[in-house]
Amino acid sequence: MAHVDVIKAKSVWEYAKAVEDLLKATQTRTGEISDQNWYRGHGRSESFVLKPTLYRHPDRATLESLLDLETELMRAFMSHHLLHTLTAGVDQSGKMDTLFYMQHYGVPTRLLDWTNNPLIALYFAVSDARIDRSTGKYPEGVAIWVLDPTSWNLKSLEDLRPPRGALNSSDGNLESYIPRAPWKAADRKGMYLEPVAISGGANTQRMLAQRGVFTMFGADTRAMDELYDVNDYPSGCLTKVVIEPDDIKPVLDTLHAMGYTDSVAYPDLHGLALELKRLNGFNL
């Protein structure tokens with residue numbers, strides 16, 4: 001049984017070296033020099049696990065209740081879409097586009113966001129960290145999870161012989177994951193268990209800037225890091241890079257000096273507002 005390897009990095013430069021080493025390991029593992037890793041940054045290294053928002057519901061724990069909630073959320077979201085600029089069809093690609101939009105705007109889904117830009121993920125992690133105002137210190141470190149999507153999918157979809165790399169939103173191998181309205185018992189039983197790596201459409205300027213890609217969860221509601229530990233995934237296809245509390249501010253300062261700011265990560269007025277607040281000493 002494998003366990004997720006943890007790499008400690010004290011600076012942007014050490015992080016960049018870890019990224020380079022992990023990329024070389026992925027390309028050796030897959031045999032393809034063009035393969036990429038994906039990255040997910042989070043401001044809590046100890047208390048956060050790789051589980052989507054829908055599967056974090058405080059009261060609903062069964063798959064049946066969670067999928068019923070997904071249907072309710074999608075119906076409510078789409079009932080208002082004519083008031084906005086969203087367009088999505090009712091075929092498989094259209095339903096996936098709806099989920100991408102929902103995820104982008106913060107509606108709980110079975111999607112987990114990743115990026116193929118390691119510096120964007122690093123910025124997300126250190127800018128997401130929150131200082132304990134009573135002590136003036138960060139209570140825990142931050143984490144950047146690194147995923148080899150090609151090796152992950154070969155294991156999670158091993159019975160299907162999927163194409164190499166991430167699936168696109170219209171791929172037939174995704175059929176059992178696609179939302180239903182309503183979900184029937186046979187549909188839930190037929191859903192594949194484990195998360196699958198998928199490429200999403202860049203439906204907004206922010207999604208394009210963040211180089212967004214996703215893992216979509218199936219019938220198993222456990223976190224990806226737990227599934228990696230118990231389900232014999234290829235060794236090294238999921239790794240955790242940790243920046244300790246004392247190193248968070250120096251790393252964030254270095255990224256700012258390199259031009260990575262909130263308005264780069266979030267290229268809209270929301271990002272500009274975050275940047276102005278951060279640079280002028282307001283608490284975020």
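The structure displayed is predicted, hence computed values, not measured ones.
How far CG of D247 is from NZ of K10: 4.0 Å, rounded to the nearest 0.5 Å. Note: M74 CE to M102 CE = 5.5 Å, rounded to the nearest 0.5 Å. For the atom pair K240 NZ and H42 NE2, the distance stands at 11.0 Å (nearest 0.5 Å). Here OG1 of T98 is found 10.5 Å from CD1 of I178. Values are rounded to the nearest 0.5 Å. Taken to the nearest 0.5 Å, the CG atom of L67 stands 14.5 Å off from the NZ atom of K184. The line from CG of L227 to OG1 of T221 is 9.0 Å long, rounded to the nearest 0.5 Å.
Contact detail for V142 and I248: the closest heavy-atom pair is CG1-CD1, 3.7 Å. When all heavy atoms of Y39 and A121 are compared, the closest pair comes out as CB-CB, 3.4 Å. Across all their heavy atoms, P234 and S151 have their closest contact at CG-O, 3.8 Å. For the pair P108 and L73, the tightest heavy-atom approach, listed with the atom from each and the gap, is O-CD1, 3.6 Å. Listed here is the closest heavy atom pair of P195 and M224: CG-CG, 3.8 Å. Closest heavy-atom contact between A219 and M191: N-SD, 3.2 Å.
Using a 4.5 Å cut-off on side-chain heavy atoms (C-beta onward), D148 and D35 make no contact. For the pair H256 and Y123, the minimum side-chain heavy-atom distance is below 4.5 Å. Looking at heavy atoms from C-beta onward, Y233 lies out of side-chain contact with L238 at the 4.5 angstrom threshold. Residues L122 and I243 meet the side-chain proximity criterion, which asks for heavy atoms closer than 4.5 Å. Considering only heavy atoms from C-beta on, L157 comes within 4.5 Å of L167 through its side chain. Under the 4.5 Å side-chain criterion, counting only non-hydrogen atoms from C-beta, T109 is not in contact with L54.
Cluster membership for L147 and V242, using ILVMFWY side-chain heavy atoms within less than 4.5 angstrom, is not shared. Criterion: ILVMFWY side-chain heavy atoms under 4.5 Å apart, direct or through other members. Under it, V6 and I144 are not part of a common hydrophobic cluster. Cluster annotation: L193 is not connected to V49 through the hydrophobic network of ILVMFWY side chains, with a link wherever side-chain heavy atoms come within less than 4.5 Å. Two different hydrophobic clusters hold L23 and I7 under the rule that ILVMFWY side chains link at heavy-atom gaps under 4.5 Å. Both M96 and M78 are part of a single hydrophobic cluster, where members link through side-chain heavy atoms under 4.5 Å apart.
S199 places no side-chain N or O within 3.5 Å of a backbone atom of A166 that could act as its donor or acceptor partner. Looking at D225, its side chain does come within 3.5 Å of a backbone N or O of L50 through a donor-acceptor pair. The main-chain N or O of A223 is never found under 3.5 Å from a side-chain atom of Y228 such that the two would form a donor-acceptor pair. Between the side chain of R188 and the backbone N or O of E64, no donor-acceptor pair lies under 3.5 Å. For N37 (side chain) and L22 (main-chain N/O), a donor-acceptor pair under 3.5 Å exists by modelled atom type. A distance-only check finds a donor-acceptor pair linking the side chain of D132 to the backbone of S134 [under 3.5 Å]. Between the side chain of R29 and the main chain of S235, a donor-acceptor pair closer than 3.5 Å is present. In terms of modelled atom types and a separation under 3.5 Å, the side chain of Y15 and the main chain of P118 share a donor-acceptor contact.
Residues satisfying the salt bridge (Lys or Arg N to Asp or Glu O under 4.0 Å) test with D253, not counting sequence neighbours, are K249. Residues forming a side chain to side chain contact (heavy atoms under 4.5 Å, CB included) with P52 (at least two apart in sequence, or on another chain): Y55, F217. Q27 is linked by a side-chain hydrogen bond (donor to acceptor under 3.5 Å, both in side chains) to nothing, counting only residues two or more places apart in sequence or in another chain.
In this structure, D246 places its CG atom where only 12 or fewer heavy-atom neighbours from other residues, nucleotides or ligands lie under 6.0 Å away.
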Walk me through it: do R180 and E175 pass the test salt bridge (charged side-chain N to carboxylate O under 4.0 Å, His left out)?
CA-CA 10 Å; R180 269 70 164 171; E175 197 275 333; 2.9 Å; yes
Could you walk me through whether E14 and K17 pass the salt bridge (charged side-chain N to carboxylate O under 4.0 Å, His left out) check?
CA-CA 5 Å; E14 287 188 11; K17 181 63 168 62; over 6 Å; no
Just do the side-chain contact (heavy atoms from CB on, under 4.5 Å) check on I198 and L111 with the steps written out, would you?
CA-CA 10 Å; I198 61 175; L111 297 174; 4.0 Å; yes
D113 and R40: side-chain contact (heavy atoms from CB on, under 4.5 Å), yes or no, with the steps?
CA-CA 7 Å; D113 298 282; R40 178 179 173 86; 3.7 Å; yes
Could you give me the CA-CA distance, side-chain angles and deciding distance for D220 and Y192, then say whether side-chain contact (heavy atoms from CB on, under 4.5 Å) is met?
CA-CA 8 Å; D220 196 321; Y192 283 97; over 6 Å; no
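Side chain to side chain, S47 and E140 meet the donor-acceptor criterion of an N or O pair below 3.5 Å.
Between Y105 and F77, the angle of the ring planes lies from 30° to 60°, which puts this pair in the tilted group.
A ring pair (Phe, Tyr, Trp, His ring centres under 6.0 Å) with F214 is found for one member of W114, F100, Y177 and no other, namely F100.
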